[in-house]
Student: 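This is the structure I have questions about; it appears just below.
As a basis for the values below, the full set of heavy atoms in this structure was taken, side chains included, without hydrogen atoms, waters or symmetry mates.
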Amino acid sequence: MAMAMAALLLLVFLAVPAVHSVQTNVPWNEGIDYTTWAAGKTFTVGDTLVFVYTTNHAVDIVDESHYTSCNSGNALHSYSGGQTTITLTTPGPMYFLCPTIGHCQAGMKLSITVAAAASSSSGSSSTTSTTPAITTTTSSPTTSGVGGMFGNMNNWVVIGFSVVVAGFVGFMG
């Protein structure tokens, strides 16, 4: 009976789809071709962007027309402080620019498309928004301390959990 329970537990954990979020550091500075930088990158709901910049810069989230014209006068959100973490919560296009005079015109602007996260249930309804919702935090860089030493700690949690489950199954067998 114990072996059957352990096998069932393992089957449940294997059947549950893994949700992986990715943190992408955005080097927010002049002289970077953000079209080339974003090419080949995939951004998905649940991922985070960490803008790292000096006090000479800021991050504004704007709509497409303001992105195209480098106009931050009607920014949807504005951030300053040297580091801004933005969690992508809604699929669709997002537009970022530096509102410092001349920086956007010099190419300091980023356009991305956020893809929907994989869903584990079918038939769920989705809503469409012209402005993706975001959450933000300001924190110290993640490249220091334990996170910088060992990389993404979520991976270590998954590995540790897998080892515990495998040990449990071995113990019960």
Side-chain angles (χ1 to χ4, degrees), residues 17-120 124-159:
V19 177
H20 299 283
S21 62
V22 175
Q23 176 177 306
T24 303
N25 290 330
V26 181
W28 199 233
N29 205 351
E30 293 174 279
I32 296 173
D33 179 352
Y34 287 101
T35 302
T36 301
W37 179 88
K41 288 181 174 55
T42 302
F43 303 97
T44 305
V45 168
D47 291 352
T48 56
L49 299 180
V50 180
F51 288 82
V52 180
Y53 49 97
T54 65
T55 57
N56 298 339
H57 305 295
V59 179
D60 280 0
I61 300 175
V62 296
D63 64 22
E64 183 178 13
S65 66
H66 290 97
Y67 170 84
T68 302
S69 65
C70 285
N71 180 352
S72 64
N74 290 319
L76 303 171
H77 300 281
S78 295
Y79 306 96
S80 60
Q83 180 166 319
T84 301
T85 300
I86 299 174
T87 301
L88 309 174
T89 60
T90 305
M94 288 190 76
Y95 304 96
F96 307 89
L97 59 83
C98 179
T100 302
I101 295 173
H103 290 195
C104 179
Q105 291 83 352
M108 198 170 166
K109 61 183 188 174
L110 171 65
S111 169
I112 65 169
T113 300
V114 181
S119 175
S120 61
S124 63
S125 64
S126 64
T127 58
T128 303
S129 170
T130 57
T131 305
I134 58 166
T135 58
T136 61
T137 60
T138 302
S139 60
S140 59
T142 57
T143 56
S144 64
V146 175
M149 184 185 313
F150 295 110
N152 185 342
M153 293 306 290
N154 291 335
N155 294 337
W156 289 102
V157 170
V158 171
I159 292 168

Student: Indicate the atoms forming the closest heavy-atom contact of Asn71 with Val62, along with that distance.
Tutor: O-CG1, 4.1 Å
Student: Walk me through it: do His57 and Val59 pass the test side chain to side chain contact (heavy atoms under 4.5 Å, CB included)?
Tutor: CA-CA 7 Å; His57 305 295; Val59 179; over 6 Å; no
Student: In Å, rounded to the nearest 0.5 Å, how long is the span from CD1 of Ile101 to SG of Cys70?
Tutor: 12.5 Å
Student: Where is the tightest heavy-atom contact between Val45 and Thr89, given as atom of each residue plus distance?
Tutor: CG1-O, 3.6 Å
Student: May I ask you to test the Ile61-Tyr79 pair for a side-chain heavy-atom distance under 4.5 Å?
Tutor: yes
Student: Test your reading of the model: is there a side-chain donor-acceptor pair from Thr100 to the backbone of Asn56, 3.5 Å cut-off?
Tutor: yes
Student: Can you name the nearest heavy-atom pair linking Leu49 to Ile112, along with the distance?
Tutor: CD1-CD1, 3.8 Å
Student: Rounded at 0.5 Å granularity, tell me how far OH in Tyr53 sits from NE2 in His103.
Tutor: 13.5 Å
Student: Report yes if some heavy atom in the side chain of Thr84 is under 4.5 Å from a heavy atom in the side chain of Trp28; otherwise report no.
Tutor: no
Student: Evaluate the side-chain proximity of Val26 to Phe96: yes if any heavy-atom separation is below 4.5 Å, no if none is.
Tutor: no
Student: Grab the two heavy atoms, one from Thr87 and one from Gly46, that are nearest each other, plus how far apart they are.
Tutor: CG2-O, 4.2 Å
Student: So, do His66 and Tyr95 sit near enough that their side-chain heavy atoms are less than 4.5 Å apart?
Tutor: no
Student: State, to 0.1 Å, how close Ala116 and Pro91 come at their nearest heavy-atom pair, and which atoms those are.
Tutor: N-CB, 3.8 Å
Student: Taking distance alone, no hydrogens or angles, what donor-acceptor pairs closer than 3.5 Å link side-chain atoms of residues 31-42 to residues at least two apart or in another chain?
Tutor:
residue	atom	partner	partner atom	Å
Asp33	OD1	Thr35	N	3.1
Asp33	OD1	Thr36	N	3.3
Asp33	OD2	Thr36	OG1	2.7
Tyr34	OH	Pro27	O	2.6
Tyr34	OH	Asn29	N	2.9
Tyr34	OH	Asn29	O	3.1
Lys41	NZ	Trp37	O	2.7

Student: Under 2.5 Å between the SG atoms of Cys104 and Cys98?
Tutor: no
Student: OG1/Thr24 to CD1/Ile86 distance, rounded to the nearest 0.5 angstrom?
Tutor: 12.0 Å
Student: Please answer whether the main-chain N or O of Tyr67 pairs with a side-chain N or O of Lys109 as donor and acceptor at a distance below 3.5 Å.
Tutor: yes
Student: If every non-hydrogen atom of Pro99 is compared with every non-hydrogen atom of Leu97, which pair is closest and at what distance?
Tutor: CD-O, 3.6 Å
